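Note sheet for the following structure.
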Amino acid sequence: MNQQDGYADDIVKGFIIWSMVWGLVAVLVGVFISFQIAFPQLNFPPYLTYGRLRPIHTNAGIFGWGIGSFMAFFIYITQRLTRTSLWSPALAKAQLWLFNVVIALAAVTLAMGMNRSKEYAELEWPVASLVVVLWVIFAVNIVMTIVKRREEQMYISLWYILATLVGVAVLYLVNNASIPVSLTKSYSAYAGANDANVQWWYGHNAVAMVLTTPPLAIFYYFLPKATGVPIYSHRMGVVAFWSLIFMYLWTGAHHLLWAPVPDWVQTLAMGFSVMLIAPSWAAVFNGYFSMNGQWHQMRENYLVKFLIFGITFYGMQTLQGPSQSIRTFSAFIHFTDWVPGHVHMGTLGWVSLVLFAAIYYTVPRLYHTEVYSIPMANMHFWLVLTGQLIFSITMWIAGVQQAAMLNATNPDGSLHYSFIETMAELYPYWYMRAAGGVIYLAGLLLFLYNIYKTITVGKAQAAVQPA
Amino acid sequence: MIEKKPIIFLLLATATILVGTIITMVLPFRWINDPKLAIASVKPYTPLQLEGRDIYIREGCNNCHTQTVRPLLSDTERYGEYSKSGEFVYDQPFLWGSRRNGPDLARIGGKYPDAWHVKHMKDPRAMVPRSNMPSYAFLDRPLDTSLTEKKMKALKFPYTQADIDALKGKTELDAMVAYMQKVGNDIPWRKTGKAEVVGELKNPFQDNLSVLPEAQKLYAEHCAQCHGIELKGEVGPDLRDMDKPDAKVFATIYSGITEGGMPAFGDTLGKERTWKLVTYLKSVHRK
Amino acid sequence: MDSASIYYLGVTLFLFIVFAAIVARTYRKAHRAKGEEPKFRMMDDDQPKKHDHPET
């Protein structure tokens, strides 16, 4: 089984394994903080309070699990789509080291309370600077591999990969501009409403350039690989690509509806958010139409199940998101539990399901073996699906209920409930959410065990019969 | 063909993402920094307030508390005057937040007396029984002032040596409370935007004993934290043997006493429940 | 109509033309085979190629 020879794949293994480690950290911390919300006695100040742990949860999830595995698959996919080996495997090795150092530093500094407070850009300037170095190393390696490619035309996944590389760079540099006071303290270079507008331009496009374009690149690559049938339309992918990366950047201010930023910025954000449905659903249709005549694979091929459910959640996410960005609906549900429900459908449903499929597909090939247990992978699927649905649906109901209570008025026009009265009603939902998190965690552990066994079996086989 | 030329493709993709970026992120600086939106009464942070703000950031308070009141009835009635961009010109970073696990704090300044905040930070559930806020009793430790001057200089905020000297002996909790009292209090909204009581002030529940059980519960939830469950007074005064007329008691609860630290409860309780509370207060006497 | 609405309309029209141009260019008949080619070629990528573009 030498079919993968010639590609620099050892580094891919490293990134996959470490991203799974950080993914476990993200989910463990996530489950813990969901219990903290329901049972405040579980806060252990100063280090283990919700306020300090929540950034660790989001950073470990988005940057540890997300970016870590995207690095793995960008390296894997780029080599194959260019039919050439990685420009510099040594640089990639350094990148893996730096990646782990950065994520570990992030976790430690955040627990110590060193943070810039801006969501998903919390890291203080020395750590953030290391992130920039990391990204430059990564981008140079991928771009150089593409430049020296042996395949003339670039498949759509490469388009998304290239867009991710520049997009993240622009966003991160602008939003992390800081005035340092010491090694552990800095202030944002922007003030007030300006800072808010820059932050949410960044925040929403982190959704675009981290949680949308990389998983799309991975989806467009692994769906045809898993089904054995080419993607429905490459040209539809191309049109959707330009529309998507053009429109996303206009939408940040939908996080600031009714806030004191210029009205016209909010209106543009609202309009473009709704228009984004089109390119988002182009990807969904591309996925569905590729399944024409192949739907039986949903039953027979566990990889397809992960991928098609993933793109389905992407489709729902990109309908729910635009509806939330409409002023009247935002007025109702913004700041409630509805929003964490929405976010976790995207991260657990869309991004993670696609990543699970990609890992199940690549790990056995990288280690020249078969996946350890398909029934276990199916069990994993149903557990994470159940956990995530409990989480999201519970939070949507909680959000609508709280919003309705917050808006309830007495006959004389005064408000019927105080804030705490609306909040106290949320405890049952928070218990449910924590339970959903535990189910998800169980599924994740099963997945990690399955991959662990696949790797050890693969290594044992390689030792017995040298290739 | 751009799909064959990766460098040209990269430049095109960059240009594509820069269009929306420039229009919705760069251009708004001009609109937001419009001198017409400046508010003269908004002042930079004092050294103590700034240290408090940095503790607020360090503890990640913005993960559960927002600091923007939207121009919506459910926000303005609950928290106060809606937020204006001119109020945030000294906020680096902004702390508007994105989720209200706890209430919005944009108008917290001046709402409660300092003693309320101290008690609440040390033991949130003693003040708000069903709250899920962590206890911040550990903030009762000396404030680290080694960076204070550098911070004030970095942000170009004015200060005097006396301000810095005054930090001696302060705790982190003092700084936090000083910050809380400043938030949203630079514009005189409490005086102008006060809930006014109109119409005849006549207690519809006068001597109506059937409302007392409900009123007692309201008292326990909204008043006992400061006035004590037995009305003996603590942060606020003793309320037993209330001899003021019903209308006066009603006005105090409904609109608050800005200078005395008594918050206005009209927005949360409404008229009917306020009258019930009045009835309850008048019924309690020293034994 | 005030100048702002005309401006909005103008920008919208311009963006629509750009979009229509991209669609027309991507879906033009001459481009049909070439535009869909990568999706077939990506199915077989198990090994790096030894030479640059041997097929072309």
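Because the structure is a prediction, the values reported are computed rather than measured. Just so we're on the same page: letters track the sequence lines, and every chain starts at 1.
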Under the side chain to side chain contact (heavy atoms under 4.5 Å, CB included) rule, what do B:R99 and A:D337 come out as? Steps first, then yes or no, please. CA-CA 8 Å; B:R99 165 84 183 98; A:D337 269 329; 2.8 Å; yes
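- At a 4.5 Å heavy-atom cutoff, A:A253 makes no contact with chain B through either its backbone or its side chain.
- Proximity to chain A (any heavy atom under 4.5 Å) is shown, for B:E87, by neither the backbone nor the side chain.
- No side-chain heavy atom of A:N410 sits under 4.5 Å from any side-chain heavy atom of B:K271.
- Taking the side chain as every heavy atom from C-beta outward, B:V19 and A:L249 never approach each other to under 4.5 Å.
- Proximity to chain B involves both the backbone and the side chain of A:L406, based on heavy atoms less than 4.5 angstrom apart.
- Only the side chain of B:N62 comes within contact range of chain A, judged by heavy atoms closer than 4.5 Å.
- Proximity to chain B is limited to the side chain of A:L256, based on heavy atoms less than 4.5 angstrom apart.
- Note that the CG atom of A:L162 and the CG atom of B:L12 stand 12.0 Å from one another [nearest 0.5 Å].
- Looking at B:F94 and A:S117, their side chains never come closer than 4.5 Å, going by heavy atoms from C-beta outward.
- Atom CD of A:Q36 is separated from atom CG of B:N132 by 10.0 Å, given to the nearest 0.5 angstrom.
- Comparing B:T21, B:L147, B:D34, B:T66 by heavy-atom pairs within less than 4.5 Å of chain A, the highest count is held by B:T21.
- When each of B:G60, B:S85, B:P93 is scored by its heavy-atom pairs under 4.5 Å with chain A, the top score falls to B:P93.
- A:T49 has its side chain within reach of B:Y136: a pair of non-hydrogen atoms, C-beta onward, lies under 4.5 Å apart.
- The residue among B:W96, B:F138, B:F265, B:Y90 with the most heavy atom pairs within less than 4.5 Å of chain A is B:W96.
- Of the atoms belonging to A:L268, it is side-chain heavy atoms, and not backbone ones, that fall under 4.5 Å from chain B.
- Looking at A:T251, neither its backbone nor its side chain comes within 4.5 Å of chain B, counting heavy atoms on both sides.
- Around the CZ atom of A:F39, the shell of radius 6.0 Å holds more than 12 heavy atoms that belong to other residues, nucleotides or ligands.
- In this structure, the ring of B:F9 has its center less than 6.0 angstrom from the ring center of A:F241.
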Given side chain to side chain contact (heavy atoms under 4.5 Å, CB included), test B:L10 with A:V143 step by step and report yes or no. CA-CA 9 Å; B:L10 263 180; A:V143 172; 4.0 Å; yes
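- Residues A:V265 and B:L27 fail the side-chain proximity criterion, which asks for heavy atoms closer than 4.5 Å.
- In this structure, chain B has no heavy atom under 4.5 Å from any part of A:V238.
- Residue with the most contacts toward chain A among B:P71, B:P103, B:S135, B:A154: B:P103 (heavy-atom pairs, distance under 4.5 Å).
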With side chain to side chain contact (heavy atoms under 4.5 Å, CB included) as the criterion, how do B:T68 and A:F335 come out once you've worked through the C-alpha distance, each side chain's angles and the decisive distance to 0.1 Å? CA-CA 11 Å; B:T68 26; A:F335 301 134; 4.1 Å; yes
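- A salt bridge links B:R273 to A:E421: at least one charged side-chain nitrogen sits closer than 4.0 Å to a carboxylate oxygen.
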Take A:V174 and B:M25 through the test side chain to side chain contact (heavy atoms under 4.5 Å, CB included) and record every step on the way to the result. CA-CA 10 Å; A:V174 174; B:M25 190 275 278; 3.6 Å; yes
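- Side-chain contact between B:L155 and A:Y187 is present, with at least one heavy-atom pair separated by less than 4.5 Å.
- Taking the ring centroids of B:F29 and A:W201, they lie at or beyond the 6.0 Å cut-off.
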